[in-house]
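Reminder, nothing fancy here: chain letters follow the sequence lines and each chain counts from 1. Since the model is a prediction, treat every value here as computed from it, not as a measurement.
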2 protein chains.
Amino acid sequence: MGKVTLSDVAQAAGVSIATASWAINDNKKVRIPEATRVKVRKVADRLGYRPNALAKGLAQGASSLIGFVADGVATTPFAGQMIAGAQEEAWAHGKLLLVVNTNGETALEESALALLREHQVQGVIYSTWYHRSVAFPKGLEGIPTVLVNCFDDDNSHAVVVPDEEQGGYAATSELLKAGHRRVMFLNTVSPSPARTDRLKGYRRALDEWGVAFDEALVVPVRPDQDGGYAAARTVVKSGVEAVFCHNDRVAMGLYDGLKERGVSIPDDVSVVGFDNQEVISAHLHPALTTVGLPHYELGVLGVRRLLAMDEIPSEEGADQLRTLVECPTVRRDSVRTL
Amino acid sequence: MGKVTLSDVAQAAGVSIATASWAINDNKKVRIPEATRVKVRKVADRLGYRPNALAKGLAQGASSLIGFVADGVATTPFAGQMIAGAQEEAWAHGKLLLVVNTNGETALEESALALLREHQVQGVIYSTWYHRSVAFPKGLEGIPTVLVNCFDDDNSHAVVVPDEEQGGYAATSELLKAGHRRVMFLNTVSPSPARTDRLKGYRRALDEWGVAFDEALVVPVRPDQDGGYAAARTVVKSGVEAVFCHNDRVAMGLYDGLKERGVSIPDDVSVVGFDNQEVISAHLHPALTTVGLPHYELGVLGVRRLLAMDEIPSEEGADQLRTLVECPTVRRDSVRTL
DNA sequence: TTGAAAGCGCTAACAA
DNA sequence: TTGTTAGCGCTTTCAA
């Protein structure tokens, strides 16, 4: 029965409805003797009492809902992972996730945000499926918001993003550590933080190992299998023995291209990917060593950040506004140690 | 401002709060003169009035929320597609999706369902990431529910699932139509509707083309890249010229194995996959012809079915209980026409 | 420590 | 056609 109300419980327990409420919610401001608390609880259980979240929210002026806005749930597995992370963290705090998909369309987004508002969401996670800059949506003004996997240019909001620089560094280091010195970087052609910052990481790793940066070894590719496939030619011609690919899809294409040329991975060429897109990386031959994009974590930290906004006075200093999440190295079999 | 209430609007428009409500909601039971309706609407717009969904829900005894239960959002892209479909269809009806991920754990599921109940969801979509049978959850009793991508054994609930038989038929036909006669079927070893029904479809297609069924051509494989990779040997040895793979991952492994043996696709062997897992199928060399699993559609039809349950008297006859969704053929370049 | 009661914002009888 | 008003189920102030 979902029809048991608090007043039913109160009546059955022989207390007032207010007392019942306090007993059940462990209200800090009121001291209820253990005895009555236990009694009320027991009655509630027996009756199968379940609070009505709507009534609760109405009375408190806020629901226990968190809005999750995504720009492409169906497009990639990435959105799913962020949702999963956000959902789990929210749940751990007794909140539920109201998920909304905008397909990147502003019109849809507007009405989506309006709907979330109507449902009195406590705050919203605004996410994008690939790391990029966004214009902060008007509709979000006045609602606690954290940008996940994206950021606004004026830098005035809470942001949780992957640490691309560290990721680029980690990927490159993996090759350097294995003893390789001429490391090619198949970087994406599309302008993005991924492109810029992974390159920075690549250079920092080179620096650290005392390897001179060679512009010719950074080659621009389309960020998918075709890009990697096409690059195989360049890789072979250059004679490098190690390649850091912008992402796993590029690596997948490169595998294909290299195999067709009779080049063996990792015996002839070591390869490192990026993203850790399981369906690819874990199942290539040989399995691909790569650096993971922490989507699940982004979701978790996004919600955590959001929920912390209540507690922390909003003036925190801009340094606390941006959370960088580490990209973990996933070692498999595509790197040969010299 | 999110603080404008209906009574503010009423006051500003010089009408009663009830009139305002009617004017705004286009209530059918009450005839409001166009003039006042317009006036109220205008005032509401000017003030930026937004209804409070919690209050509305409380007053009406039901929210405009639909629960979406998934058993593995992070695991595959499939869940994401179902969510996207469900979300969009829900939205088209003014509903929002409350998404909950159980990771397949019963304990989590129980409290998830309890939470959904507390939020007075109108109904729930209970989904699984791969097509399988489930025990209908106790916690769902009494709530309008539709099972999506899964079904209960006693067949007493609304179900929306992919038409695996038709899918198997479509995949096989694709090869037969191209002129191939000896078609190997790399079927999964794990018991599932996919295994059983795709096989049925395979046989039906064979029948239809007058090709005798050869048991030896149905070979069991692990349903992933390794399975396909290992099967390459069998394929080559058998000398077949066409292979229908249980899924795209198997096909991906088979590509690898075949390439290593110098066998060319589709010149020597034509290959058809299943699932249409874009990241794989669209980017293999050659691109893979496959049959899609209609996850997005499953989501759409799931909520459509759910919303229809109100309108249709629950006694509908069991024949209406099960909705089969077509698996579409996606033609690319891995099949050679003789 | 407990109870009575006033809302939270909206809907829907029931009257007028 | 419109207004009055009694809830929906719960929280929380104020008294007792």
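Ranking C/dT2, D/dT11, D/dG3 by closeness to the B/Thr19 side chain, first place goes to D/dG3.
The one candidate from A/Thr128, A/Val73, A/Leu113, A/Asp71 that meets the side chain to side chain contact (heavy atoms under 4.5 Å, CB included) condition with A/Thr102 is A/Asp71.
Considering only side-chain N and O atoms, A/Thr5 lies nowhere under 4.0 angstrom from the phosphate OP1 or OP2 of D/dG9. Dashed line: the shortest gap from a side-chain N or O of B/Asn25 to OP1 or OP2 of C/dT11 is under 4.0 Å. For D/dT11, the OP1/OP2 oxygens have a side-chain nitrogen or oxygen of A/Ser21 closer than 4.0 Å. Within the 4.0 Å cut-off from OP1 or OP2 of C/dG3, at least one side-chain nitrogen or oxygen of A/Ser16 is found. Close to D/dG9, at under 4.0 Å from its OP1 or OP2, lies no side-chain N or O of A/Lys56. In this model, the phosphate group of C/dT2 is approached by a side-chain N or O of A/Thr36 to a distance below 4.0 Å at OP1 or OP2.
Panel note: side chain A/Ser63, backbone A/His119; a donor-acceptor pair is recorded below 3.5 Å.
Aromatic pair A/His131/A/Phe151: centroids less than 6.0 angstrom apart.
For the pair B/Gln120 CD and D/dC10 C1', the interatomic distance rounds to 12 Å; values are reported in whole Å. One atom, CH2 of B/Trp22, and another, C1' of C/dC10, lie 12 Å apart when rounded to the nearest Å. Atom CD of B/Glu118 is separated from atom P of D/dG9 by 14 Å (rounded to the nearest Å). One atom, CG of A/Leu54, and another, C1' of D/dG9, lie 9 Å apart when rounded to the nearest Å. Rounding to whole angstrom units, CD of residue B/Gln60 and C1' of C/dC10 are separated by 8 Å. To the nearest angstrom, P of C/dT1 lies 15 Å from NZ of A/Lys39. Here C/dG3 presents its P atom at 12 Å from CG of A/Leu6, a figure rounded to the nearest Å. Atom CG of A/Asp26 and atom P of C/dT1 are 14 Å apart (whole Å).
Nearer the 5' end of DNA chain D, as judged by each residue's closest nucleotide, is the contact made by B/Ile17, out of B/Ile17 and B/Ala55. Nearest-nucleotide positions on DNA chain D place B/Ile32 closer to the 5' end than the other of B/Leu58 and B/Ile32.
Electrostatic pairing of B/Lys3 and B/Asp8 does not count as a salt bridge here, judged by no charged N lying under 4.0 Å from a carboxylate O. Here B/Arg322 does not pair with B/Asp163 in a salt bridge; the nearest charged N to carboxylate O distance is not below 4.0 Å.
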